[in-house]
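Below is one structure, written out as structure tokens; the observations come after it.
In what follows, every chain begins at residue 1, and chains take the letters A, B, ... in the order their sequences are listed. What's counted below: heavy atoms across the whole structure, side chains too, no hydrogens, waters or symmetry copies.
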Protein chains: 4
Amino acid sequence: MNVQLDDTSGKRVAVLNSTLALIKEHGFHGAPMSLIAKHAGVAAGTIYHYFDSKETLILELYVHVKDKLALAISAGDDAEKPYKDRFFNLMINQFNFYVENEDSLFFLEQYMSSPFAKNFPECDSQLFADKVITLFQYGIENAHFRNIDSRLLAPTIKGTLVAAATFQLSEQIVFSKEDILEVISIIWDGVKRQ
Amino acid sequence: MNVQLDDTSGKRVAVLNSTLALIKEHGFHGAPMSLIAKHAGVAAGTIYHYFDSKETLILELYVHVKDKLALAISAGDDAEKPYKDRFFNLMINQFNFYVENEDSLFFLEQYMSSPFAKNFPECDSQLFADKVITLFQYGIENAHFRNIDSRLLAPTIKGTLVAAATFQLSEQIVFSKEDILEVISIIWDGVKRQ
Amino acid sequence: MNVQLDDTSGKRVAVLNSTLALIKEHGFHGAPMSLIAKHAGVAAGTIYHYFDSKETLILELYVHVKDKLALAISAGDDAEKPYKDRFFNLMINQFNFYVENEDSLFFLEQYMSSPFAKNFPECDSQLFADKVITLFQYGIENAHFRNIDSRLLAPTIKGTLVAAATFQLSEQIVFSKEDILEVISIIWDGVKRQ
Amino acid sequence: MNVQLDDTSGKRVAVLNSTLALIKEHGFHGAPMSLIAKHAGVAAGTIYHYFDSKETLILELYVHVKDKLALAISAGDDAEKPYKDRFFNLMINQFNFYVENEDSLFFLEQYMSSPFAKNFPECDSQLFADKVITLFQYGIENAHFRNIDSRLLAPTIKGTLVAAATFQLSEQIVFSKEDILEVISIIWDGVKRQ
DNA sequence: GATGAATGAGGATTCATTCAT
DNA sequence: GATGAATGAATCCTCATTCAT
């Protein structure tokens with residue numbers, strides 16, 4: 001019954017963004033539907049035109065954010081370039097996305113460590129699988145990485161980048177271009193074929 | 001007014017453990033005080049003899065778990081040994097703790113990404129600072145690590161270990177001793193002085 | 001966020017009246033929100049659409065009742081008449097209001113002697129100040145009363161009327177017109193210019 | 001099962017006084033048994049050695065306070081003196097008691113307007129009946145007062161005195177000896193035989 | 001007598017969701 | 001589509017009271 005079409009007034013996106021902002025600021029806890037509605041400038045009931053329940057709202061928000069992340073991460077990727085360059089480009093993009101989209105970072109972290117992630121593993125971004133996972137897979141198959149399970153690679157890499165981004169955001173310190181490359185080198189030196 | 005003393009019947013610890021178990025299973029959401037009480041085999045009101053509010057219960061649980069973690073991590077540490085050995089020992093201990101204490105791992109992850117961590121940064125385990133942070137600090141000062149900010153080191157390391165432990169737990173796959181060493185090598189090769 | 005407007009179904013007033021009735025019958029104690037809701041024929045949550053909390057409900061009820069009192073007291077007041085006549089009219093009106101609105105009388109008494117009155121002295125009926133206090137003030141300024149502090153006059157007068165009304169209500173005795181005039185004479189003879 | 005005897009440590013009185021103090025400060029509402037116990041320096045359970053329930057505690061406190069009031073009011077009463085003098089002495093004593101025992105005044109007011117007074121009318125101070133009511137009765141029988149119902153006299157008188165005392169206490173103004181006599185004259189001129 | 005941990009029913013309040021307009 | 005008043009189950013917490021020590 002949900003209406004994704006002709007949301008000309010953009011209420012659907014407004015609700016998603018408000019949910020994101022509120023969860024970032026106050027956690028899942030501090031984002032009741034009534035507050036989301038008010039923050040988005042819509043009536044409480046209106047949310048239910050676009051989302052079946054609060055649960056699906058969160059779930060769809062997750063995919064929405066992950067899509068944005070996939071797009072940002074894969075920007076400028078060029079299959080012609082050496083793999084290490086492509087990897088570094090991805091990492092830099094990812095770091096920048098986190099820093100520039102604090103609420104997305106915080107939401108993703110909360111989502112991933114919540115029961116949602118465990119209970120709805122099938123609910124994820126196709127775009128992310130296509131753009132990001134694929135590249136990792138390629139690196140594994142072509143022996144650019146150590147011989148580790150592919151499914152361990154992504155969280156390992158993410159862990160360090162998230163740590164760095166969170167650190168910059170919380171500490172009000174700005175990493176220089178070189179600092180970021182140093183951080184990515186930590187990752188690369190760890191996971192690359194030795 | 002809380003009574004930590006002579007809780008001979010162990011109700012305080014029972015409440016902490018029940019909270020841990022329920023949060024692991026159902027998230028912060030699925031752990032109402034009434035359920036915690038029932039799970040712990042105490043009356044709802046009894047919880048409030050030991051904790052001022054649900055918030056302080058969570059906060060004290062965090063320190064409690066972090067204390068246990070610190071103890072487990074630092075087991076068998078020997079200042080006489082080479083630094084790399086000490087580092088590997090810590091990592092192995094940490095990985096094992098996570099795998100053997102799934103509920104602690106899940107709770108810590110949820111706690112760290114929740115607003116609690118941001119709102120109460122001063123509320124942390126002294127034991128952890130003494131046993132674990134100190135060893136990292138030592139490694140930094142004695143140039144065993146790359147020249148990265150000390151505050152970035154810990155979350156980076158943790159990220160990979162947590163990823164590995166979560167992976168093993170969720171996928172029902174048991175890392176062999178060698179697999180674990182491989183994972184720790186990822187970390188070590190990344191952060192060690194190049 | 002409260003909605004005083006277009007409460008066409010009259011739920012707000014129903015809640016006020018139910019609160020009044022229950023407090024009269026059982027005191028502040030015996031008026032839990034759940035009972036008020038049931039008595040008013042609304043859901044418990046509905047009360048919170050109209051009042052922020054139980055405290056504000058009580059506070060707004062006080063002003064509501066005091067407004068009704070002010071209106072009843074000043075009925076038929078005529079600035080052309082001699083002051084003593086106006087005073088007697090007010091007193092008779094007040095006595096009648098108390099007798100005819102037992103729940104208002106009991107509520108006001110409980111409210112005035114509760115910490116509410118001390119903690120929120122600024123929360124009072126403007127109507128009462130305009131209609132009733134003003135007339136007393138006039139009497140003081142024009143030397144119809146003894147030379148006593150104006151702020152002492154009102155409670156003194158009220159004390160006797162409340163005593164009389166309470167007496168009639170509790171004893172199931174009906175004062176005759178003459179009896180009431182006698183009581184008012186007690187007041188008047190006490191406070192009038194000797 | 002209550003023990004009024006050999007309360008050598010004075011715990012019973014301590015509980016009564018703590019209850020009085022807390023009710024004065026925070027109302028019936030703000031005087032939970034646990035707080036009374038702490039304020040009185042006894043264990044919560046101890047209160048139940050002296051009082052069957054919270055209800056009886058309040059009831060007994062009322063009689064206790066009323067006894068003290070009766071004693072204070074009738075101090076210096078002399079059957080040989082003219083009735084008006086005796087009446088004035090009583091009034092002055094009563095005013096002074098209220099001003100000097102603010103918590104008793106506030107408690108009595110709250111008690112009288114609460115459902116307690118209605119539900120337990122038989123629970124009152126014998127001392128008060130003997131010392132104070134008796135004197136009023138005498139005045140009525142000997143035609144010192146107007147021809148009003150005897151049961152109306154006391155609350156009428158009390159109303160004005162309480163108003164005056166409350167006024168002084170709340171406004172931080174000290175009535176002079178003359179001011180008090182003026183107030184009592186209001187009463188006397190009102191109720192005396194015209 | 002005295003203690004205070006323990007109880008659990010009851011109270012204020014929140015919030016996801018519905019539905020008549 | 002959009003609204004927001006209304007719902008009532010669920011939540012956190014309080015507090016009079018009991019009882020083993």
Side-chain angles (χ1 to χ4, degrees), chain A residues 1 3 5-9 11 29-38 41-55 57, chain B residues 1-3 5-9 11-12 29 31-38 41-55 57, chain C residues 1-3 5-9 11-12 29-38 41-55 57, chain D residues 1 3 5-9 11-12 29-38 41-55 57:
Chain A
M1 227 61 51
V3 183
L5 322 152
D6 72 86
D7 176 20
T8 45
S9 50
K11 287 185 198 291
H29 205 74
M33 294 298 255
S34 57
L35 204 60
I36 292 172
K38 183 194 291 189
V42 304
T46 303
I47 298 181
Y48 290 86
H49 277 288
Y50 296 100
F51 307 95
D52 281 338
S53 67
K54 186 169 188 184
E55 190 170 76
L57 166 56
Chain B
M1 225 56 49
N2 286 351
V3 185
L5 321 153
D6 69 87
D7 176 20
T8 44
S9 52
K11 288 185 198 289
R12 197 187 114 94
H29 278 54
M33 294 300 254
S34 56
L35 204 60
I36 292 172
K38 185 186 291 187
V42 303
T46 302
I47 300 180
Y48 293 88
H49 274 287
Y50 297 100
F51 307 95
D52 282 337
S53 67
K54 187 169 186 182
E55 188 171 79
L57 167 56
Chain C
M1 226 56 49
N2 285 351
V3 183
L5 320 153
D6 70 87
D7 175 21
T8 45
S9 52
K11 288 185 199 289
R12 195 186 116 91
H29 277 53
M33 294 300 253
S34 55
L35 204 60
I36 292 172
K38 184 186 290 188
V42 302
T46 302
I47 300 180
Y48 292 88
H49 274 287
Y50 297 99
F51 307 94
D52 283 337
S53 67
K54 187 170 188 183
E55 188 171 77
L57 167 57
Chain D
M1 223 60 50
V3 184
L5 321 151
D6 70 87
D7 175 21
T8 44
S9 50
K11 288 186 198 287
R12 197 186 114 93
H29 205 75
M33 294 298 256
S34 56
L35 202 61
I36 292 173
K38 183 195 291 189
V42 303
T46 303
I47 298 181
Y48 291 85
H49 278 289
Y50 297 99
F51 307 93
D52 282 337
S53 67
K54 186 169 187 184
E55 189 169 77
L57 166 56

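- Distances were taken from every side-chain heavy atom of C:Lys54 (C-beta onward) to each of F:dT17, E:dA12, E:dA16; the shortest belongs to E:dA12.
- In this entry the distance linking CG of B:Asp52 with P of F:dC12 reads 16 Å, nearest Å.
- Protein atom CE of B:Met33 is 15 Å distant from nucleotide atom C1' of E:dG8, rounded to whole Å.
- Comparing D:His29 and A:Gly41 by the nucleotide of DNA chain F whose heavy atom lies nearest to each, the residue mapping closer to the 5' end is A:Gly41.
- The side chain of B:Thr46 contributes an N or O atom lying less than 4.0 Å from OP1 or OP2 of E:dT7.
- The distance from the OG1 atom of C:Thr46 to the CZ atom of C:Arg12 is 14.5 Å, given to the nearest 0.5 Å.
- Separating the OH atom of C:Tyr48 from the P atom of E:dA12 is a distance of 7 Å, rounded to the nearest angstrom.
- For C:Ser53, the side chain to side chain contact (heavy atoms under 4.5 Å, CB included) test picks out C:Glu55, C:Thr56, with sequence neighbours left out.
- Taking atom CD1 of D:Ile47 as the reference point, atom C1' of F:dA16 lies 10 Å away to the nearest angstrom.
- Regarding A:Leu57, its CG atom lies at a distance of 15 Å from the P atom of E:dC15, rounded to whole Å.
- Not a single donor-acceptor contact under 3.5 angstrom links the side-chain atoms of C:His49 to the base of F:dA5.
- Proximity of D:Tyr50 to the phosphate of E:dA2: a side-chain N or O atom is located under 4.0 Å from OP1 or OP2.
- Regarding D:Lys38, its NZ atom lies at a distance of 14 Å from the C1' atom of F:dT14, rounded to whole Å.
- C:Pro32 and C:Gly30 get closest at one heavy-atom pair: CD-C, 3.2 Å.
- Mapping D:Gly45 and B:Ala43 onto DNA chain E by nearest heavy atom places D:Gly45 at the nucleotide closer to the 5' end.
- Among the nucleotides E:dT17, F:dT17, F:dC12, the one closest to any side-chain atom of D:Ala44 is F:dT17.
- In this view, D:Ala37 and D:Val42, D:Ala44, D:Ile47 satisfy the side chain to side chain contact (heavy atoms under 4.5 Å, CB included) rule, not counting sequence neighbours.
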Dot-bracket for DNA chain F, 5' to 3', counting Watson-Crick or G-U wobble pairs under 3.5 Å, with [ ] for crossing pairs and | for inter-strand pairs? .||||||||||||||||||||
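- In terms of position on DNA chain F, the residue among A:Val42 and D:Pro32 whose nearest nucleotide sits closer to the 5' end is A:Val42.
- F:dA10 atom P lies 17 Å from atom CD1 of B:Ile36, rounded to whole Å.
- Taking only side-chain atoms of A:Lys11, from C-beta outward, the nucleotide of E:dA2, E:dT17, F:dA2 with the closest atom is F:dA2.
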